[in-house]
Number of protein chains: 2
Amino acid sequence: MMRGKLAVTIKEVARLAGCSMKTVSRVVNDEPHVKPELRERVLDAITELGYVPNISARQLVQKKSYVICILLHSSGSFQSTVISKVLDLGYEGNYEILVQTYYPSFSRSRDKIAALIQQKRIDGLVTTPPCDSDPFLIDLIKKSGIAHVHIAPLQPTGGTPYVSAEDFTGAYQMTEHLIHHGHRRIGLLMGLRNHRSSLDRLFGYKAAIETHSISFDVKYLVDSENNFPGGYNAARMLMGLPEPPTAIFALSDEAAAGALYALNELKIDVPGQVSLAAFGDITHSNEIWPGISVVKYPLEQIVDKSVCLLIELVEGRQPKERQIIFPTRIIHRGSILSPRNQIPFNTEGKT
Amino acid sequence: MMRGKLAVTIKEVARLAGCSMKTVSRVVNDEPHVKPELRERVLDAITELGYVPNISARQLVQKKSYVICILLHSSGSFQSTVISKVLDLGYEGNYEILVQTYYPSFSRSRDKIAALIQQKRIDGLVTTPPCDSDPFLIDLIKKSGIAHVHIAPLQPTGGTPYVSAEDFTGAYQMTEHLIHHGHRRIGLLMGLRNHRSSLDRLFGYKAAIETHSISFDVKYLVDSENNFPGGYNAARMLMGLPEPPTAIFALSDEAAAGALYALNELKIDVPGQVSLAAFGDITHSNEIWPGISVVKYPLEQIVDKSVCLLIELVEGRQPKERQIIFPTRIIHRGSILSPRNQIPFNTEGKT
DNA sequence: ATTAAAATTGACAACGTTGTCAAACATATT
DNA sequence: AATATGTTTGACAACGTTGTCAATTTTAAT
């Protein structure tokens, strides 16, 4: 097309600076072995001509794409957080970050990733749950020998580097916190069971319950989805029990938002009548419901670290740590009260 | 590194099939002028060797990256929708889609985009508001001659293709709809004024008001941000007026969600005491608040169309239409009632 | 002053593909 | 049968960069 202006190449810079192409290449790539004086002259020629290196040519000879990929499943608050963090990271370094959805066991999805890898369009990839639950994908990645980092993997990774957080401990501590306030009936809004994190959080809850000699009652465990309607329905269900819980612990903050909405609708005050706690990733949540005490899930740090780790691997360096687990911490915002102070409520007339 | 397996090249395929590299190239690219018999033989050789073309080499000779870029500003429901649509589109065609944030007037942001363009890492880009409000960027794109499509541009684009929606008409119709129900005091939760869409929606509202001889009252126009807290605050403000509106029209559904939350908190029933309408993009909203009547903003179609349009431009075809404006339509969900049926409320004791 | 070592520079090939153009072959037309 | 037309094929040169390795210059060591 009429792209008129033909690109300036390294050859023309070399001619203007009166040196070889290789020397220009050395200057561009900050390699040693160029005398300061000549380097200066080359730099001048570069600015004068407005030279910009052609990445395709570099890719061809170096067999590198300078693109890394992050695989996500569908959309949601988890994914949004990952994406916005990843987009911020896009400013750093020389790598472009390609965001790609991956639906386990969906053939077009598989073909797409296979093509990305085999065509050498990406140098490495980060997988997020539940993408890593697809053995086909894992196998494909392993066979290709491409750099790979897991985020919160479902299964043991067999030596592949991963980044995760202390889900068990976080859930344990929050549950214990509720127990210390005197709660005995604690409803748990459980996420999908094909996430390692969900399972670990459940185990943490159970462990805390049992440590404090409270018998585990399945009635208070609701398998909801990690989203608003999931939490909404689950909370209504829990509050409709003959002996409703005095506290609800939602394993995602979207579910917590749904639960809060349901409680509002039922005219049940938080924390006056029921305490509410959440396990959360989103940062803006405090704008929405200022009061929810939460186990902070360090998702942004996880994404950041996993991308850094991946780039280290891509560049052939030996990362110091290959398995990184970030701590979680509880943020107190006052949605938890002792049940003895809570005002009782009745739910007749509502389902 | 130990990437062992050296890639299969077109040369080896040619040798196995007993033909020239060029013929293999023709087969791979579905070009004509290859006899069926030979084509078959080449195809067999390709599968036998597991040949996959090297994109870098193709990029180099064709001076094309097969990557297109979409620029977004920050995050939010608009951006989430765009991203998830774009990720779905990633399955189609031969192009990879690079999502990039762009903060107008932020120098690192500018450098990044300039590098992407000059290094020929992208073949074209789609801009979303308010990215296109940065004259530097527009100038950069124009000078580079790279393919470009606007989404909902703030300014006239001077011939550059764009895709948008009938914001004016949508707002006009919804406002008229409210007026036909008998509303005279209609609160408007206005978005940021550096979006073309926000302005057009405001104009549509005003036009409808004036057409029906209602005098425009600035009291009922609240400059809120297009998000949950913005809508929350704005709604509380409106309902605190001496003569509160009988209907609220939120120009984004996040603001509408915030407004609804505020109304719930104030124990004001929707639509019993106040009608609520929204201008919206998100599709899942009906799960959250089944009842909000909404002007559907066809964002997914817009994104889809703009990417298709961009690819047409990149490939040098002449698109039939270069300015595309999608219609909006009203979805009735029952959050609107005539004010004469509305139960009055009082707000003392609350701010 | 001489030699050894190190730093600097450049010529040239390679990377894997596609574009160009001419050669070889097949078919249709006179 | 001879010519014109069209279809199929391949040789070879790009594309713009970096890696290799040898040539040259400079510096250090004797």
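Reminder, nothing fancy here: chain letters follow the sequence lines and each chain counts from 1. Bear in mind that the values here come from a model prediction, so they are computed numbers and not experimental data.
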Of the nucleotides C:dG19, C:dA11, D:dT17, which one has an atom closest to the side chain of B:Glu31?
C:dG19

Pick the nucleotide of DNA chain C nearest each of A:Ala57 and A:Thr23; which residue has the one closer to the 5' end?
A:Thr23

Whole-Å distance, A:Lys22 NZ to C:dC15 C1', equals 14 Å

So, OP1 or OP2 of D:dC15: does either fall under 4.0 Å of a side-chain N or O from A:Asn54?
no

Below 3.5 Å, does any donor atom in the side chain of A:Arg26 face an acceptor in the base of C:dG10, or the other way round?
yes

Base of C:dG16, side chain of B:Lys11 - is there a donor-acceptor contact under 3.5 Å?
no

Winner on side-chain proximity to B:Cys19, out of D:dG10, D:dT18, C:dT18, is D:dG10

Using only side-chain N and O atoms of B:Tyr66, determine if any of them is under 4.0 Å from OP1 or OP2 of C:dT17.
no

Length of the CG-P vector between B:Leu60 and D:dT18, whole Å
12 Å

Please report the distance, rounded to the nearest Å, between CD in B:Gln59 and C1' in C:dG19.
17 Å

For the atom pair OG1 (A:Thr128) and CD1 (A:Ile302), what is the distance rounded to the nearest 0.5 Å?
11.5 Å

Counting only heavy atoms not in A:Arg41 (residues, nucleotides, ligands), do more than 12 fall under 6.0 Å from its CZ?
yes

Please list residues of residues 32-41 of chain B whose heavy atoms come under 4.0 Å from any atom in DNA chain D, ordered by number; otherwise none.
B:His33, B:Val34, B:Lys35, B:Leu38

What is the distance from CE of A:Met21 to C1' of D:dT17, rounded to the nearest Å?
7 Å

Rounded to the nearest Å, what distance is computed from the CD atom of residue B:Glu12 to the C1' atom of nucleotide C:dC15?
13 Å

From the list C:dG10, D:dG16, C:dT18, which nucleotide is the closest neighbour of the side chain of B:Ile10?
C:dT18

Side-chain donor or acceptor of B:Thr23 paired with backbone N/O of B:Cys19 under 3.5 Å
no

With side chain to side chain contact (heavy atoms under 4.5 Å, CB included) as the test, would you mind laying out the steps for A:Thr101 and A:Tyr103 before giving the verdict?
CA-CA 7 Å; A:Thr101 47; A:Tyr103 301 105; 4.2 Å; yes

Would you indicate, yes or no, if D:dT9 has its OP1 or OP2 atom less than 4.0 angstrom from a side-chain nitrogen or oxygen of B:Ser20?
no

Verify salt bridge (charged side-chain N to carboxylate O under 4.0 Å, His left out) between A:Arg322 and A:Glu312, making sure each step is shown before the conclusion.
CA-CA 11 Å; A:Arg322 297 170 61 91; A:Glu312 282 197 276; over 6 Å; no

Once you round it to whole Å, what is the distance between C1' of C:dC15 and NZ of A:Lys120?
12 Å

Would you find a donor on one side and an acceptor on the other, under 3.5 Å apart, between the side chain of A:Gln119 and the backbone of A:Leu116?
no

Measure the distance from CD on A:Gln119 to P on C:dC15 and round it to the nearest whole Å.
20 Å

Does A:Phe136 have A:Arg110 sitting over its ring (NZ/CZ under 6.0 Å from centre, angle to axis within 45°)?
yes

Value in whole Å for how far the C1' atom of D:dG19 lies from NZ of A:Lys64:
16 Å

